[in-house]
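Have a look at the structure below, then the notes.
Reminder, nothing fancy here: chain letters follow the sequence lines and each chain counts from 1.
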Amino acid sequence: MTIQLYNTLTRQKERFEPIEEGKVKMYVCGPTVYNYIHIGNARPAVVFDMVRRYLEYRGYDVHYVSNFTDVDDKIIKSAEELDQDVMAVAERFIDAYYEDTEALGVKKADEHPRVTDTMPEIIAFIERLVAKGYAYESDGDVYFRTRKFENYGQLSHQSIDDLQAGARIQVGEKKEDPLDFVLWKKAKDNEIAWESPWGNGRPGWHIECSAMVKKHLGETIDIHAGGQDLSFPHHENEIAQSEALNEKKMANYWIHNGYINIDNEKMSKSLDNFILVHDIIKQYDPEIVRFFIVNAHYRSPINFSDEQLNAAGKALERIRTTYQNTAHRLAESADLGSDADSWKEKIISHRERFIEAMDDDFNSANAVAVMFDLVKTANLYLEEKQTAKSVLQSFLDEFDDMAFVLGIKVKEEEELLDEEIEQLIEERVEARKNRHFQRADEIRDLLKEKGIVLEDTPQGTRWKRGDV
RNA sequence: GGCGGCAUAGCCAAGUGGUAAGGCAGAGGUCUGCAAAACCUCGAUCCACCGGUUCGAAUCCGGUUGCCGCCUCCA
């Protein structure tokens, strides 16, 4: 079996074949850091992190690069409003980005290049486009000559004339053609700027990704990813710039995630209906937010609501409970089970189904369903009077693997309880032994108020954190 | 106007030619001192609507309706 993925370029699922065997070069468009990220920004971070984890799980050596746009109009505006330095604002929200995405289980990229660290490469890139006739200077700005690039529109599957017909783009006097887009912007007075052959200015939005991809990954990469709304014009323009210069295909596979909606409408900063990750994770365990995201296929739109998050929380709890019950049994019971092989075969068949699901365009919704089947199978095993340690361990290992790919935590942190609580639990065990159920129930209620939920099992009493 | 996506049980969500996964919610039962957790049983005679292709369609084709998105900064 091989991995199939939906390529926006061809609008169909294709078999994944990396350029270099066993290696994957992957680039994900990152955020413009002028504010805390909202959950719509979090989705690509999460789903492409999952894609990366899955590729690693399948044995690929993944070189994963994701950028920060740390200078542009919005940051400059934000800096003015906050009365702070542009770079300070960028720095602050880059830190916030790491904090928020880490909470959501997103691993850091191998490289997180910034525009401001890529300036020489960006300028060189533009210079060469000018030299090749694909770009021209106009009053301190530099524009890309879109119509000169013959394959323009290949990603959005639009003819250049349709694009122009539908364009509500104003024809700037500086541009030769309304479809031309800016590579270099002349600085206004007192604005943050870099020196260039065309005077002081800063890069346009699209050029940074072309330059960074080339610098960090090369002229042709395996996977280029981002939100659906980036496919046009951002990705289309990236292709135009890179392929005009390199005369090579920029990326073999383009993948785009669907939106997160609020009340069925796209969440965006301009619609002012966004929810910040920073805020939502105060209300819900970030693991729940992650689980909610991976529980749907990455290309489907998902609607964000309290009802859905609560359901996701319960669902995740079910997985964790089974994991804990399995771990508890492993620790507390003797190694007695027979028939170990048939149970292990069941576990392996779940693993195969999990891989099958993820191989099919990273269908994590199905992968999660397989995980729930494994939960059920594990629960059935726990119903057995006698269990084998090796089988219990196999269940845990399988859960760990699946959880790694999906980026969710199923293992609870080792935690010690207050001595006082420990004593109460001890006292209750004694009380139950002596059939003093009234006292036992009193203690259980008391602990519940403290957020400690007790469960009596044939292997003894265990506790977990619950709602206070 | 151009391009695209979606419409499956109370809610969410897979399935994309062979007779409807999974989760949440709900009902009944088993286990338990009681709980909790778990287990068992129950739910769409049907996949927006209308035609067509096929031995067979939620799945393919044509059309209709509704919703959403891109074409402008946006993940």
Side-chain angles (χ1 to χ4, degrees), chain A residues 8 11 13 28-32 34 37-48 72-74 77 153 156-159 161-170 179 205 225-234 236 256-261 264-271 274 291-292 295-297 299-303 305 307-319 321-322 324-325 328 353 357 360 363-373 375-376 378-383 432 435-438 440-441 444-445 448 453-458 461-464 466:
Chain A
T8 309
R11 285 187 179 161
K13 282 186 199 172
V28 179
C29 285
T32 300
Y34 67 105
I37 56 166
H38 62 237
I39 50 179
N41 299 306
R43 169 117 101 144
V46 167
V47 299
F48 299 126
D72 96 331
D73 292 350
K74 281 175 298 201
K77 193 173 162 220
S156 50
H157 300 93
Q158 298 263 47
S159 79
D161 292 317
D162 286 338
L163 284 166
Q164 177 142 21
R168 280 171 271 168
I169 311 163
Q170 287 184 342
L179 287 176
W205 175 39
Q228 210 171 68
D229 47 357
L230 293 186
S231 61
F232 191 91
H234 184 57
E236 195 75 71
H256 293 96
N257 64 275
Y259 297 121
I260 285 187
N261 295 146
N264 247 359
E265 280 195 339
K266 178 183 166 183
M267 174 184 305
S268 75
K269 287 174 182 168
S270 43
L271 282 175
F274 57 89
F291 182 78
F292 173 72
N295 193 211
H297 184 91
R299 283 192 284 119
S300 310
I302 48 179
N303 222 16
S305 69
E307 193 188 358
Q308 292 315 314
L309 280 182
N310 286 326
K314 294 245 178 73
L316 182 58
E317 189 58 32
R318 178 170 154 84
I319 297 172
T321 297
T322 294
Q324 295 311 123
N325 287 347
H328 185 252
R353 286 206 294 132
D360 182 15
N363 195 330
S364 54
N366 272 340
V368 169
V370 173
M371 200 167 178
F372 276 107
D373 285 342
V375 163
K376 183 148 192 164
N379 283 331
L380 282 171
Y381 189 62
L382 293 175
E383 293 278 299
R432 286 185 71 226
R435 304 187 67 81
H436 292 154
F437 296 122
Q438 197 180 334
D441 291 349
R444 187 167 61 199
D445 291 343
K448 194 175 179 199
V453 177
L454 297 184
E455 293 177 3
D456 301 320
T457 76
T461 296
R462 51 181 296 256
W463 64 272
K464 64 176 184 180

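- Distance check on atom P: B:C6 versus B:C60 gives 10 Å, rounded to whole Å.
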Q. Can A:F292 and A:I302 be said to form a side chain to side chain contact (heavy atoms under 4.5 Å, CB included), step by step?
A. CA-CA 9 Å; A:F292 173 72; A:I302 48 179; 4.0 Å; yes
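- Every residue two or more places apart in sequence or in another chain that forms a ring pair (Phe, Tyr, Trp, His ring centres under 6.0 Å) with A:H256 is listed here: A:H235.
- The partner of B:G62 is B:C50, by the rule that a Watson-Crick or G-U pair needs both atom distances under 3.5 Å.
- As rounded to the nearest Å, B:U45 and B:A35 have C1' atoms that lie 40 Å from one another.
- Looking at residues two or more places apart in sequence or on another chain, you find a side chain to side chain donor-acceptor pair (under 3.5 Å) between A:S159 and A:D162.
- Only the C1' atoms considered, B:C49 is 7 Å distant from B:U65, to the nearest whole Å.
- Rounded to the nearest Å, the gap between the P atom of B:U64 and that of B:A75 is 36 Å.
- Partners of A:K13 by side chain to side chain donor-acceptor pair (under 3.5 Å), not counting sequence neighbours, listed by chain and number: A:D360.
- Comparing A:Q158 and A:L316 by the nucleotide of RNA chain B that holds the closest heavy atom to each, the one mapping nearer the 5' end is A:Q158.
- Under the ring pair (Phe, Tyr, Trp, His ring centres under 6.0 Å) criterion, A:Y381 pairs with A:W343, A:F395, not counting sequence neighbours.
- For the C1' atoms, the distance linking B:C12 with B:A44 amounts to 15 Å, nearest Å.
- OP1 or OP2 of B:C68 has not a single side-chain nitrogen or oxygen of A:K266 nearer than 4.0 Å.
- Nucleotide B:U16 forms a pair with no other nucleotide shown, judged by Watson-Crick or G-U wobble geometry with both contacts under 3.5 Å.
- A:A311 comes within 4.0 angstrom of sugar-phosphate atoms only, judged by non-hydrogen atoms across all strands, and of no base.
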Q. With the sugar-phosphate defined as primed atoms, P, OP1 and OP2, and the base as all remaining atoms, what B/S/- string results for nucleotides 32-40 of chain B, 5' to 3', for protein heavy atoms under 4.0 Å?
A. -BBBBSSSS
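- Spacing between atom CZ of A:F274 and atom P of B:A75 amounts to 12 Å, rounded to whole angstrom units.
- Looking at heavy-atom distances under 4.0 Å, A:M267 makes contact with a base.
- Counting non-hydrogen atoms under 4.0 angstrom, A:G226 reaches the backbone sugars and phosphates but no base.
- Summarising the base pairing, B:G10 is matched to B:C24 through a Watson-Crick or G-U wobble pair whose two defining distances lie under 3.5 Å.
- Using the Watson-Crick or G-U wobble rule with both distances under 3.5 Å, B:A38 pairs with B:U30.
- Under the Watson-Crick or G-U wobble criterion, with both distances below 3.5 Å, B:C67 is paired with B:G5.
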Using the 3.5 Å cut-off, write out each protein N or O paired with an N or O of nucleotides 46-49 of chain B and the distance between them.
none

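- When each of B:G2, B:A13, B:G23 is scored by its nearest atom to the side-chain atoms of A:I302, the top-ranked nucleotide is B:A13.
- Checking A:R11 against A:V370, the closest nucleotide of RNA chain B that is more toward the 5' end is the one next to A:R11.
- Backbone-only engagement by A:Q308 is indicated by non-hydrogen atom pairs under 4.0 Å involving sugar-phosphate atoms exclusively.
- The structure places CD of A:E236 at 9.0 Å from NE2 of A:H157, a figure rounded to the nearest 0.5 Å.
- Applying the side chain to side chain donor-acceptor pair (under 3.5 Å) criterion to A:D73, with sequence neighbours excluded, gives A:K185, A:R202.
- With sequence neighbours left out, A:E317 forms a salt bridge (Lys or Arg N to Asp or Glu O under 4.0 Å) with A:K464.
- Rounded to the nearest Å, the gap between the P atom of B:U32 and that of B:A27 is 23 Å.
- Contacts of A:D456 classified as salt bridge (Lys or Arg N to Asp or Glu O under 4.0 Å), with partners at least two apart in sequence or in another chain: A:R428, A:R432.
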Tabulate protein N/O versus nucleotide N/O from nucleotides 15-19 of chain B, keeping only pairs under 3.5 Å, one per line.
{"unit_1": "B:G15", "atom_1": "OP1", "unit_2": "A:N363", "atom_2": "ND2", "d": "2.8"}

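- OP1 or OP2 of B:G5 has not a single side-chain nitrogen or oxygen of A:R299 nearer than 4.0 Å.
- Considering only residues two or more places apart in sequence or on other chains, A:F291 meets the ring pair (Phe, Tyr, Trp, His ring centres under 6.0 Å) condition with none of them.
- Comparing the same atom, C1', in B:C24 and in B:C61 gives a spacing of 37 Å after rounding to whole Å.
- Across A:A367 and A:A357, no two heavy atoms sit closer than the pair N-CB, 3.7 Å.
- Considering only residues two or more places apart in sequence or on other chains, A:R444 meets the side chain to side chain donor-acceptor pair (under 3.5 Å) condition with A:D441.
- Using modelled atom types and a 3.5 Å distance limit, the side chains of A:R462 and A:N325 yield a donor-acceptor pair.
- Nucleotide B:U72 has no partner under the Watson-Crick or G-U criteria, as no pair reaches both atom distances under 3.5 Å.
- Side-chain nitrogen and oxygen atoms of A:S300 include at least one within less than 4.0 Å of the OP1 or OP2 phosphate oxygen of B:A14.
- Separation of the P atoms belonging to B:A25 and B:A38 is 10 Å when rounded to the nearest angstrom.
- Of the candidate nucleotides B:G22, B:A13, B:A75, B:A75 has the atom lying nearest to any side-chain atom of A:I260.
- Within the 4.0 angstrom heavy-atom criterion, only backbone atoms of the sugar-phosphate kind lie near A:D373; the bases stay farther away.
- When all heavy atoms of A:I260 and A:I39 are compared, the closest pair comes out as CD1-O, 3.3 Å.
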